Amino acid sequence: MTESWVNYAERIGVDLHLELSGPGGRRAALTRALREAVRGGRLAPGTRLPPYRSLAADLGVARNTVADAYAELVAEGWLTARQGSGTRVAERARPPRRAVGAPAQAPAHAPGPRHDLRQGRPDASAFPRTAWAASYRRALQAAPSEAFGPGDPAGRRELRETLAEYLARARGVRTEPDRIVICSGFAHALRLLFGRDTPGGTGGTGGPDTPDGPGARGGPAGGGVLRGPLGVEAYGLGFHRDLLAAAGVRTVPLPLDEHGARVAALGRERAVLLTPAHQFPTGGPLRPERRAAVIDWARARGAVVLEDDYDGEFRYDRRPVGALQGLDPERVIHIGSVSKSLSPALRLGWMVLPERYVEPVLAAKGEREGWASVPDQLALADFVARGSYDRHVRRMRQRYRDRRDRLVAALAERAPHIEVTGIAAGLHAVLRLPPGTERTVVEAAARRGIALDGLAAFRHPDGPATAGDGLVVGYAAPADHAYGAALEALCEVLAAA
């Protein structure tokens, strides 16, 4: 005999399936099934069980059969029954404690650092929950039914239209919705452009042996839209270099100075990856004559510039620096995301592409995989269109400016021998250290529970160590109530450096 309890879920919202089987008749089978459901955790403590009549009707058994099963389980302590509140799973009916000597279960997450001063992390406590929830609700209510089907690999039209207007207004980007492809962030964009496991594109404008031709679309193994060698800044994120190396792309480091990457060092590379708005991690925008020079190089070589619009919205002591893409939309791939401005948890980014790369990128992305969440896309479109994004960025710009100023003031008082650089924009500062002290200071900070990085962690393995010794200190991540203690701990470490 095998029967199921299924209809009850429709009445009380409990999604539970009971199979009544085994010897002893229906009452014994029901008693066993309920007992196992409680023991196994499928019926949590406090869960209200259906009335006798309802469960009996669902299972096709007599009402007394259910009543007797309930009574037996109440007597055993699995259930409780009180007048007016029905029959519920007993609160004490929890999994047994771990036996003495049994191995302890590993915690789900390792404890984080006491003071999080890592770069590239916005203040998670400042996420605009109320405004985002309102945009999400409006977006879901207004979304057509087809929005919840397979959709367009380029991303929702609503978001691409909104981004085209916003990027033109705020970043000086020249584009149209059909040349924007929504992705899950900067790393996803790199995978689409260079990944081994994606189909090659066929939309180049040059011949098969030119950097821009169809033969250049695949990487060394025939995948990806672009191929190396790729020029990169001598200091940057190692994660991005590792991703490119895994795709078989050779990266060539470009020297840096106080004016950004020395693009005159570019030679026969097929593309170059830059952070022109705010060089990461050393800080500062790419000098105007170098911006013009890299565009001239790309035109002459038939190459392309990848613009990582890192921290483009957060500037404090200088005028806004427009996107490099505005100088030549056919030679620059502009890549941005909301990971710093809103939250990395949203996994939303975009590529603004030259026309010849749109179809190859869409082919690399595929029909179904690698998409950003459609409801999140619709919510972001509403969030930007209603001005909520601008208001949030302005609010956070002031908050991060205050954080930066507190850092600078604390160091001036407690560790005046430490020079602070790269602070005109962004979410971090570079603290210059005496030669030969970086590793010791990073280790001392770790002992104090401070999470931060040394400059050496960002240097290209083949690049010159021109930045010297220093710390990359993010001032955005700690919540307001924790920032003072983080600064105190940092100053104590640096005072001895």
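This one's a predicted model, so the numbers in the text were calculated from it and none came from an experiment. Residue indices begin at 1 and follow the sequence shown.
Not a single donor-acceptor pair under 3.5 Å links the side chain of Arg157 to the backbone N or O of Pro177. Counting only distance, with no hydrogens or angles, the side chain of Gln279 and the backbone of Thr282 share a donor-acceptor pair below 3.5 Å. In this structure, Gln377 contributes its side chain and Gly155 its backbone to no donor-acceptor pair below 3.5 Å. The backbone N or O of Arg268 lies less than 3.5 Å from a partner atom in the side chain of Arg301, making a donor-acceptor pair. In this structure, the side chain of Arg432 does not engage the main chain of Gly470 through any donor-acceptor pair within 3.5 Å.
The aromatic ring centres of Tyr166 and Tyr389 sit less than 6.0 Å apart. The aromatic ring centroids of His428 and Phe280 lie less than 6.0 Å from each other.
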Checking Val472 against Phe458 for the side-chain contact (heavy atoms from CB on, under 4.5 Å) test, could you report, in this order, the C-alpha distance in whole Å, the side-chain angles of both residues, the deciding distance, and whether it holds? CA-CA 10 Å; Val472 179; Phe458 302 99; 3.6 Å; yes
Take Leu274 and Leu306, measure what side-chain contact (heavy atoms from CB on, under 4.5 Å) needs, and give me the verdict at the end. CA-CA 6 Å; Leu274 300 173; Leu306 277 64; over 6 Å; no
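Look at Asp257 and Arg290 and you find a salt bridge, because one of the NZ, NE, NH1 or NH2 atoms lies within 4.0 Å of a carboxylate O, short of that distance. By the 4.0 Å N-to-carboxylate-O rule, Arg156 lies close enough to Glu146 to be salt-bridged with it. Using a cut-off of 4.0 Å between Lys/Arg side-chain N and Asp/Glu carboxylate O, Glu330 and Arg356 are scored as salt-bridged. Salt-bridge annotation for Asp453 and Arg118: absent, with no side-chain N of the basic residue lying under 4.0 Å from a carboxylate O of the acidic one.
Residues Leu230 and Leu273 share a closest heavy-atom pair of CD1-N, 3.8 Å. Nearest heavy atom pair, residue Gly284 against residue His278, reads N-CD2, 3.4 Å. Heavy-atom minimum distance, Leu286 versus Arg291: O-CD, 3.3 Å. A pairwise comparison of heavy atoms in Thr162 and Ala385 identifies CG2-N, 3.9 Å as the closest pair. Contact between Ala323 and Val173 at its shortest, heavy atoms only, is CB-CG2, 3.7 Å. Minimum heavy-atom separation, Leu455 to Glu438: N-OE2, 3.3 Å.
Rounding to the nearest 0.5 angstrom, the gap separating the CG atom in Leu117 from the NE2 atom in His115 is 8.0 Å.
A perpendicular orientation is assigned to the rings of Tyr400 and Phe314, their planes being inclined by more than 60° (bins at 30° and 60°).
Few gaps surround CZ on Arg169; more than 12 heavy atoms of other groups in view lie less than 6.0 Å from it.
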